Amino acid sequence: MNKTNERKLTIARAMAEAVAQELRVDPRVFVMGEDIGALGGVYGNTRGLLEEFGAERIRDTPISETAFIGAAVGAAQDGMRPVVELMFVDFFGVCFDAIYNMMAKNTYFSGGSFKVPMVLMTSTGGGYSDGGQHSQCVYGTFAHLPGMKVVAPSNAYDAKGLMTAAMRDDSPVVYMYHKGLQGMGWLGTEPGATVHVPEESYALEIGKAKVVRDGTDVTVVSLGMGVHHAMKAAKELQEQGVSAEVIDLVSLVPLDRDTIRASVAKTGRLIVVDEDYMSYGVSGEIIASVTEHDISVLKAPPKRVAFPDVPIPFARVMEQFCLPNPDKIVAAWAGMQAA
Amino acid sequence: MATDIVIPSDLWEEDDETVITAWLVNDGSTVEEGALIAEIMTAKVQYEIQAPASGTVHIKEDADAVVAKGTVIGVVE
(Lines give C-alpha, C1' and ligand atoms only; values in the text may rest on other atoms or scores of the structure.)
Protein backbone atom coordinates (compact mmCIF):
# COMPACT_ATOMS: atom_id res chain seq x y z
CA MET A 1 0.00 0.00 0.00
CA ASN A 2 1.10 3.54 -0.67
CA LYS A 3 2.35 5.49 2.28
CA THR A 4 1.63 9.20 2.14
CA ASN A 5 5.05 10.44 1.18
CA GLU A 6 6.07 7.74 -1.27
CA ARG A 7 6.27 8.94 -4.83
CA LYS A 8 4.29 7.09 -7.46
CA LEU A 9 5.15 6.45 -11.09
CA THR A 10 3.20 5.33 -14.10
CA ILE A 11 4.48 2.19 -15.83
CA ALA A 12 5.72 4.41 -18.67
CA ARG A 13 7.89 6.46 -16.31
CA ALA A 14 9.05 3.39 -14.40
CA MET A 15 10.28 1.78 -17.63
CA ALA A 16 12.11 4.95 -18.69
CA GLU A 17 13.72 5.28 -15.26
CA ALA A 18 14.96 1.68 -15.29
CA VAL A 19 16.48 2.10 -18.75
CA ALA A 20 18.07 5.44 -17.83
CA GLN A 21 19.67 4.00 -14.70
CA GLU A 22 21.15 1.10 -16.64
CA LEU A 23 22.34 3.41 -19.47
CA ARG A 24 24.26 5.40 -16.83
CA VAL A 25 26.22 2.42 -15.54
CA ASP A 26 26.50 0.07 -18.52
CA PRO A 27 28.00 1.44 -21.76
CA ARG A 28 26.77 -1.66 -23.62
CA VAL A 29 23.13 -0.65 -23.26
CA PHE A 30 21.45 1.34 -26.05
CA VAL A 31 17.88 1.81 -27.27
CA MET A 32 16.41 1.48 -30.77
CA GLY A 33 12.92 1.76 -32.19
CA GLU A 34 10.35 3.87 -33.96
CA ASP A 35 9.69 7.27 -32.32
CA ILE A 36 11.60 6.34 -29.17
CA GLY A 37 13.91 9.38 -29.45
CA ALA A 38 12.51 12.88 -29.79
CA LEU A 39 8.95 11.77 -29.08
CA GLY A 40 9.93 9.64 -26.09
CA GLY A 41 7.95 6.65 -27.34
CA VAL A 42 4.31 6.70 -28.36
CA TYR A 43 3.54 5.22 -24.92
CA GLY A 44 5.90 7.54 -23.06
CA ASN A 45 8.30 4.82 -21.95
CA THR A 46 11.50 6.36 -23.36
CA ARG A 47 10.79 9.95 -22.31
CA GLY A 48 13.88 11.97 -21.43
CA LEU A 49 16.39 9.40 -22.70
CA LEU A 50 17.45 11.23 -25.89
CA GLU A 51 18.11 14.44 -23.96
CA GLU A 52 20.34 12.70 -21.43
CA PHE A 53 22.10 10.11 -23.57
CA GLY A 54 22.12 11.50 -27.10
CA ALA A 55 21.27 10.12 -30.52
CA GLU A 56 24.15 7.62 -30.59
CA ARG A 57 22.59 5.55 -27.79
CA ILE A 58 18.92 6.48 -28.25
CA ARG A 59 18.36 5.66 -31.90
CA ASP A 60 15.20 6.45 -33.81
CA THR A 61 14.87 3.92 -36.59
CA PRO A 62 13.11 3.80 -39.95
CA ILE A 63 9.92 1.75 -40.16
CA SER A 64 11.62 -1.58 -40.73
CA GLU A 65 11.23 -3.86 -37.75
CA THR A 66 13.12 -6.62 -39.55
CA ALA A 67 16.13 -4.33 -39.99
CA PHE A 68 16.41 -2.92 -36.50
CA ILE A 69 15.48 -6.07 -34.57
CA GLY A 70 17.91 -8.00 -36.76
CA ALA A 71 20.55 -5.34 -36.07
CA ALA A 72 19.89 -5.67 -32.35
CA VAL A 73 20.45 -9.44 -32.51
CA GLY A 74 23.81 -8.85 -34.18
CA ALA A 75 24.78 -6.15 -31.70
CA ALA A 76 23.79 -8.37 -28.76
CA GLN A 77 25.87 -11.24 -30.09
CA ASP A 78 28.75 -8.82 -30.45
CA GLY A 79 28.68 -7.81 -26.80
CA MET A 80 26.13 -5.01 -26.64
CA ARG A 81 22.88 -5.00 -24.62
CA PRO A 82 20.26 -3.46 -26.89
CA VAL A 83 16.77 -2.52 -25.81
CA VAL A 84 14.53 -2.43 -28.88
CA GLU A 85 10.89 -1.51 -29.18
CA LEU A 86 8.34 -3.16 -31.41
CA MET A 87 5.74 -0.39 -31.20
CA PHE A 88 2.68 -2.67 -31.35
CA VAL A 89 3.14 -6.39 -30.75
CA ASP A 90 0.65 -6.86 -33.61
CA PHE A 91 3.47 -5.86 -35.96
CA PHE A 92 5.43 -9.03 -35.15
CA GLY A 93 4.20 -10.44 -38.44
CA VAL A 94 6.72 -8.46 -40.46
CA CYS A 95 9.77 -9.29 -38.32
CA PHE A 96 9.17 -12.66 -36.69
CA ASP A 97 12.12 -14.29 -38.42
CA ALA A 98 14.45 -11.87 -36.63
CA ILE A 99 12.68 -12.62 -33.35
CA TYR A 100 12.11 -16.34 -33.23
CA ASN A 101 14.66 -17.72 -35.70
CA MET A 102 17.52 -15.41 -34.74
CA MET A 103 16.99 -13.75 -31.34
CA ALA A 104 15.46 -16.83 -29.71
CA LYS A 105 17.63 -19.51 -31.29
CA ASN A 106 21.12 -18.18 -31.99
CA THR A 107 22.39 -19.14 -28.53
CA TYR A 108 21.37 -22.73 -29.28
CA PHE A 109 22.46 -22.72 -32.94
CA SER A 110 25.92 -21.57 -31.92
CA GLY A 111 26.25 -24.28 -29.30
CA GLY A 112 26.39 -21.61 -26.65
CA SER A 113 29.22 -19.69 -28.33
CA PHE A 114 27.04 -16.61 -28.60
CA LYS A 115 24.67 -15.05 -26.16
CA VAL A 116 21.84 -12.73 -27.27
CA PRO A 117 21.33 -10.44 -24.27
CA MET A 118 18.68 -8.09 -25.61
CA VAL A 119 15.29 -6.76 -24.54
CA LEU A 120 12.43 -6.62 -27.01
CA MET A 121 9.83 -4.33 -25.43
CA THR A 122 6.43 -4.24 -27.06
CA SER A 123 2.96 -2.93 -26.33
CA THR A 124 -0.06 -5.17 -25.96
CA GLY A 125 -3.78 -4.91 -25.43
CA GLY A 126 -6.85 -3.08 -26.59
CA GLY A 127 -9.96 -1.55 -25.14
CA TYR A 128 -9.65 1.82 -26.87
CA SER A 129 -10.97 0.99 -30.35
CA ASP A 130 -7.75 0.68 -32.30
CA GLY A 131 -8.78 -2.25 -34.47
CA GLY A 132 -7.69 -5.84 -34.81
CA GLN A 133 -4.12 -5.10 -35.90
CA HIS A 134 -3.36 -2.71 -32.99
CA SER A 135 -5.12 -4.33 -30.03
CA GLN A 136 -3.84 -7.87 -29.59
CA CYS A 137 -1.87 -9.41 -26.75
CA VAL A 138 -0.55 -12.58 -28.45
CA TYR A 139 1.06 -13.59 -25.15
CA GLY A 140 0.66 -17.22 -26.04
CA THR A 141 2.38 -16.80 -29.40
CA PHE A 142 5.59 -15.54 -27.80
CA ALA A 143 5.45 -17.77 -24.73
CA HIS A 144 4.94 -20.84 -26.93
CA LEU A 145 8.22 -20.48 -28.80
CA PRO A 146 11.27 -21.62 -26.83
CA GLY A 147 14.41 -19.56 -26.37
CA MET A 148 12.96 -16.29 -25.07
CA LYS A 149 11.97 -15.16 -21.62
CA VAL A 150 8.61 -13.38 -21.62
CA VAL A 151 7.45 -10.95 -18.93
CA ALA A 152 4.35 -8.77 -18.54
CA PRO A 153 4.11 -6.26 -15.66
CA SER A 154 0.79 -5.20 -14.12
CA ASN A 155 2.10 -2.22 -12.16
CA ALA A 156 4.91 0.33 -12.13
CA TYR A 157 6.91 -1.35 -9.33
CA ASP A 158 7.15 -4.60 -11.24
CA ALA A 159 7.66 -2.72 -14.50
CA LYS A 160 10.86 -1.09 -13.24
CA GLY A 161 12.28 -4.20 -11.59
CA LEU A 162 11.50 -6.41 -14.58
CA MET A 163 13.08 -3.97 -17.03
CA THR A 164 16.26 -3.79 -14.98
CA ALA A 165 16.35 -7.59 -14.72
CA ALA A 166 15.69 -7.96 -18.46
CA MET A 167 18.59 -5.67 -19.40
CA ARG A 168 20.96 -7.59 -17.10
CA ASP A 169 19.80 -11.01 -18.31
CA ASP A 170 22.04 -12.94 -20.69
CA SER A 171 18.97 -14.34 -22.47
CA PRO A 172 16.68 -12.45 -24.84
CA VAL A 173 13.70 -11.10 -22.93
CA VAL A 174 10.38 -10.11 -24.49
CA TYR A 175 8.92 -7.36 -22.30
CA MET A 176 5.18 -7.04 -22.98
CA TYR A 177 3.58 -3.93 -21.48
CA HIS A 178 -0.14 -3.27 -21.68
CA LYS A 179 -1.18 0.04 -23.25
CA GLY A 180 -4.04 0.48 -20.80
CA LEU A 181 -1.61 0.41 -17.87
CA GLN A 182 0.86 2.98 -19.17
CA GLY A 183 -0.67 6.06 -17.61
CA MET A 184 -1.45 7.56 -21.03
CA GLY A 185 -5.01 8.87 -20.80
CA TRP A 186 -6.17 8.22 -24.35
CA LEU A 187 -5.42 4.52 -23.98
CA GLY A 188 -7.86 4.10 -21.12
CA THR A 189 -5.64 4.25 -18.08
CA GLU A 190 -6.01 1.83 -15.18
CA PRO A 191 -5.11 3.84 -12.06
CA GLY A 192 -4.16 0.72 -10.09
CA ALA A 193 -1.00 0.40 -12.20
CA THR A 194 0.43 3.69 -10.93
CA VAL A 195 2.09 2.72 -7.65
CA HIS A 196 5.05 3.53 -5.45
CA VAL A 197 8.40 2.98 -7.15
CA PRO A 198 11.69 3.32 -5.27
CA GLU A 199 14.17 5.73 -6.85
CA GLU A 200 17.16 3.40 -6.56
CA SER A 201 17.80 0.73 -9.17
CA TYR A 202 16.49 -2.76 -8.37
CA ALA A 203 15.82 -5.98 -10.26
CA LEU A 204 12.96 -8.46 -9.86
CA GLU A 205 13.73 -12.13 -10.34
CA ILE A 206 12.24 -13.18 -13.69
CA GLY A 207 10.08 -16.28 -13.38
CA LYS A 208 8.27 -15.59 -10.12
CA ALA A 209 4.51 -15.14 -9.88
CA LYS A 210 2.99 -13.07 -7.07
CA VAL A 211 0.02 -13.81 -4.87
CA VAL A 212 -1.43 -10.30 -4.88
CA ARG A 213 -4.50 -11.16 -2.83
CA ASP A 214 -4.96 -14.03 -0.38
CA GLY A 215 -8.12 -16.11 -0.52
CA THR A 216 -9.48 -19.54 0.21
CA ASP A 217 -12.40 -20.33 -2.17
CA VAL A 218 -11.06 -19.79 -5.68
CA THR A 219 -7.76 -18.93 -7.38
CA VAL A 220 -7.92 -16.30 -10.13
CA VAL A 221 -4.78 -16.30 -12.28
CA SER A 222 -3.99 -13.51 -14.69
CA LEU A 223 -1.37 -11.10 -16.02
CA GLY A 224 -1.12 -7.48 -17.07
CA MET A 225 -4.48 -5.74 -17.30
CA GLY A 226 -6.27 -8.95 -16.28
CA VAL A 227 -4.80 -8.67 -12.78
CA HIS A 228 -6.73 -5.43 -12.27
CA HIS A 229 -9.93 -7.06 -13.51
CA ALA A 230 -9.29 -9.95 -11.13
CA MET A 231 -8.76 -7.65 -8.15
CA LYS A 232 -12.03 -5.84 -8.88
CA ALA A 233 -13.85 -9.13 -9.27
CA ALA A 234 -12.35 -10.38 -6.00
CA LYS A 235 -13.77 -7.34 -4.24
CA GLU A 236 -17.21 -8.02 -5.72
CA LEU A 237 -16.98 -11.70 -4.77
CA GLN A 238 -16.02 -10.72 -1.24
CA GLU A 239 -19.35 -8.91 -0.94
CA GLN A 240 -20.98 -12.21 -1.87
CA GLY A 241 -19.03 -13.95 0.87
CA VAL A 242 -16.53 -15.57 -1.51
CA SER A 243 -12.81 -15.39 -0.77
CA ALA A 244 -10.80 -15.13 -4.00
CA GLU A 245 -7.04 -15.49 -4.20
CA VAL A 246 -5.46 -13.54 -7.08
CA ILE A 247 -2.18 -14.52 -8.73
CA ASP A 248 -0.26 -12.14 -10.97
CA LEU A 249 1.86 -14.29 -13.28
CA VAL A 250 4.34 -11.43 -13.92
CA SER A 251 6.39 -13.83 -16.05
CA LEU A 252 5.11 -16.22 -18.71
CA VAL A 253 8.52 -17.72 -19.45
CA PRO A 254 9.70 -19.09 -17.13
CA LEU A 255 6.22 -19.87 -15.79
CA ASP A 256 5.95 -20.18 -12.00
CA ARG A 257 3.80 -23.31 -11.95
CA ASP A 258 4.61 -24.03 -8.31
CA THR A 259 2.86 -20.88 -7.06
CA ILE A 260 -0.24 -21.62 -9.16
CA ARG A 261 -0.39 -25.26 -8.05
CA ALA A 262 0.05 -24.38 -4.38
CA SER A 263 -2.78 -21.87 -4.57
CA VAL A 264 -5.22 -24.20 -6.34
CA ALA A 265 -4.31 -26.98 -3.91
CA LYS A 266 -5.56 -24.61 -1.20
CA THR A 267 -8.68 -23.22 -2.92
CA GLY A 268 -9.71 -26.17 -5.12
CA ARG A 269 -11.02 -23.89 -7.85
CA LEU A 270 -9.33 -22.09 -10.75
CA ILE A 271 -10.35 -19.23 -13.04
CA VAL A 272 -7.83 -18.00 -15.62
CA VAL A 273 -8.24 -14.50 -17.03
CA ASP A 274 -6.38 -13.72 -20.24
CA GLU A 275 -6.87 -10.89 -22.75
CA ASP A 276 -5.19 -13.06 -25.39
CA TYR A 277 -7.28 -15.37 -27.55
CA MET A 278 -8.90 -18.29 -25.75
CA SER A 279 -7.70 -21.28 -27.73
CA TYR A 280 -4.15 -22.66 -27.74
CA GLY A 281 -2.99 -19.97 -25.32
CA VAL A 282 -1.97 -18.97 -21.79
CA SER A 283 -5.28 -19.97 -20.22
CA GLY A 284 -5.05 -23.56 -21.47
CA GLU A 285 -1.42 -23.79 -20.35
CA ILE A 286 -2.25 -22.66 -16.81
CA ILE A 287 -5.09 -25.16 -16.51
CA ALA A 288 -2.97 -27.99 -17.90
CA SER A 289 -0.17 -27.11 -15.47
CA VAL A 290 -2.59 -27.71 -12.60
CA THR A 291 -4.49 -30.72 -13.89
CA GLU A 292 -1.49 -32.73 -15.13
CA HIS A 293 0.16 -32.23 -11.75
CA ASP A 294 -2.71 -33.27 -9.47
CA ILE A 295 -6.28 -33.21 -10.72
CA SER A 296 -7.59 -34.44 -7.37
CA VAL A 297 -7.26 -30.97 -5.82
CA LEU A 298 -10.02 -29.57 -8.06
CA LYS A 299 -13.51 -29.25 -6.60
CA ALA A 300 -14.93 -27.96 -9.92
CA PRO A 301 -13.84 -27.82 -13.57
CA PRO A 302 -11.59 -24.78 -14.20
CA LYS A 303 -12.99 -21.77 -16.04
CA ARG A 304 -11.50 -19.38 -18.57
CA VAL A 305 -12.27 -15.72 -19.13
CA ALA A 306 -10.36 -14.94 -22.33
CA PHE A 307 -10.79 -13.14 -25.62
CA PRO A 308 -13.03 -15.18 -27.93
CA ASP A 309 -11.40 -16.68 -31.01
CA VAL A 310 -12.25 -13.84 -33.38
CA PRO A 311 -10.23 -10.90 -34.72
CA ILE A 312 -10.60 -7.95 -32.35
CA PRO A 313 -13.49 -5.68 -33.43
CA PHE A 314 -12.95 -1.97 -34.02
CA ALA A 315 -16.49 -0.99 -32.96
CA ARG A 316 -16.34 0.00 -29.30
CA VAL A 317 -19.38 -1.94 -28.12
CA MET A 318 -18.26 -5.07 -29.95
CA GLU A 319 -14.71 -4.87 -28.61
CA GLN A 320 -15.94 -4.29 -25.06
CA PHE A 321 -18.32 -7.24 -25.48
CA CYS A 322 -15.35 -9.47 -26.26
CA LEU A 323 -12.83 -8.23 -23.68
CA PRO A 324 -12.45 -9.81 -20.23
CA ASN A 325 -13.84 -7.71 -17.39
CA PRO A 326 -14.62 -8.10 -13.68
CA ASP A 327 -18.27 -9.01 -14.33
CA LYS A 328 -17.25 -11.94 -16.51
CA ILE A 329 -14.97 -13.23 -13.75
CA VAL A 330 -17.79 -13.02 -11.21
CA ALA A 331 -20.04 -14.80 -13.71
CA ALA A 332 -17.42 -17.53 -14.15
CA TRP A 333 -17.56 -18.13 -10.40
CA ALA A 334 -21.35 -18.34 -10.55
CA GLY A 335 -21.07 -20.83 -13.42
CA MET A 336 -18.79 -22.95 -11.30
CA GLN A 337 -21.43 -23.18 -8.58
CA ALA A 338 -24.12 -24.17 -11.08
CA ALA A 339 -21.99 -26.98 -12.52
CA MET B 1 0.56 30.07 2.94
CA ALA B 2 -1.42 28.08 0.38
CA THR B 3 -0.30 28.03 -3.26
CA ASP B 4 -2.80 26.84 -5.87
CA ILE B 5 -1.86 24.07 -8.29
CA VAL B 6 -3.32 25.43 -11.52
CA ILE B 7 -3.70 24.01 -15.03
CA PRO B 8 -1.38 26.33 -16.99
CA SER B 9 -2.78 28.39 -19.84
CA ASP B 10 0.28 28.21 -22.09
CA LEU B 11 0.91 24.49 -22.57
CA TRP B 12 -1.26 24.18 -25.65
CA GLU B 13 -2.77 26.79 -27.94
CA GLU B 14 -6.47 26.08 -28.09
CA ASP B 15 -8.90 26.15 -25.20
CA ASP B 16 -9.32 22.38 -25.14
CA GLU B 17 -10.09 20.79 -21.82
CA THR B 18 -7.63 18.33 -20.35
CA VAL B 19 -7.84 15.15 -18.33
CA ILE B 20 -5.79 14.45 -15.22
CA THR B 21 -4.24 11.12 -16.17
CA ALA B 22 -2.35 10.55 -12.93
CA TRP B 23 -1.46 12.08 -9.61
CA LEU B 24 2.08 10.98 -8.83
CA VAL B 25 1.78 11.95 -5.17
CA ASN B 26 -0.83 11.07 -2.56
CA ASP B 27 -3.15 13.56 -0.91
CA GLY B 28 -1.23 14.87 2.08
CA SER B 29 2.24 14.20 0.64
CA THR B 30 5.10 16.55 1.37
CA VAL B 31 6.75 17.83 -1.82
CA GLU B 32 9.56 20.11 -2.87
CA GLU B 33 8.91 22.99 -5.26
CA GLY B 34 9.41 21.82 -8.85
CA ALA B 35 8.75 18.13 -8.12
CA LEU B 36 6.71 16.22 -10.70
CA ILE B 37 3.33 15.71 -9.05
CA ALA B 38 0.78 15.01 -11.81
CA GLU B 39 0.29 14.30 -15.48
CA ILE B 40 -2.43 15.72 -17.70
CA MET B 41 -3.32 14.93 -21.30
CA THR B 42 -4.88 16.89 -24.13
CA ALA B 43 -5.28 15.67 -27.71
CA LYS B 44 -3.01 12.67 -27.07
CA VAL B 45 -0.19 14.85 -25.73
CA GLN B 46 0.87 14.45 -22.13
CA TYR B 47 2.05 17.36 -20.00
CA GLU B 48 3.68 17.47 -16.57
CA ILE B 49 2.44 19.40 -13.58
CA GLN B 50 5.10 20.45 -11.11
CA ALA B 51 4.70 21.53 -7.52
CA PRO B 52 4.40 25.34 -7.49
CA ALA B 53 5.80 25.51 -3.96
CA SER B 54 7.23 23.29 -1.21
CA GLY B 55 4.79 21.94 1.34
CA THR B 56 1.88 19.56 1.77
CA VAL B 57 -0.25 18.66 -1.26
CA HIS B 58 -4.03 18.70 -1.00
CA ILE B 59 -5.71 17.22 -4.06
CA LYS B 60 -8.94 18.90 -5.20
CA GLU B 61 -9.52 17.21 -8.56
CA ASP B 62 -8.95 13.47 -8.74
CA ALA B 63 -7.40 11.48 -11.58
CA ASP B 64 -9.74 11.12 -14.58
CA ALA B 65 -11.31 14.54 -13.90
CA VAL B 66 -11.76 16.69 -17.01
CA VAL B 67 -10.67 20.25 -16.29
CA ALA B 68 -10.04 23.52 -18.15
CA LYS B 69 -7.10 25.87 -18.29
CA GLY B 70 -6.92 27.83 -15.07
CA THR B 71 -8.65 25.20 -12.96
CA VAL B 72 -7.22 24.80 -9.46
CA ILE B 73 -6.63 21.04 -9.16
CA GLY B 74 -5.03 21.21 -5.74
CA VAL B 75 -3.09 23.34 -3.30
CA VAL B 76 0.30 23.20 -1.63
CA GLU B 77 0.52 24.62 1.86
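Quick note on labels: first sequence line is chain A, next is B, and so on, each numbered from 1. Keep in mind the model is a prediction, meaning the values are calculated, not measured.
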Contact between A:R13 and B:L24 at the side-chain level, heavy atoms closer than 4.5 Å - yes or no?
yes
Which portion of B:A63 sits near chain A, non-hydrogen atoms under 4.5 angstrom
neither
Distance from B:S29 atom OG to A:E6 atom CD, nearest 0.5 Å?
9.0 Å
Please round to the nearest 0.5 Å and tell me the distance separating atom CD of B:Q46 and atom OG1 of A:T10.
6.5 Å
Greater than 12 external heavy atoms within 6.0 Å of [X]'s [atom1]:
X	atom1	result
A:I63	CD1	no
A:F314	CZ	no
A:Y202	OH	yes

Residue among B:I37, B:N26, B:V25 satisfying side-chain contact (heavy atoms from CB on, under 4.5 Å) with A:K8
B:N26
May I ask you to say whether B:E48 pairs ionically with A:R47, meaning some side-chain N is under 4.0 Å from a carboxylate O?
no
Under a 4.5 Å cutoff for heavy-atom pairs, which residue among B:V19, B:L36, B:V31 has the most contacts with chain A?
B:L36
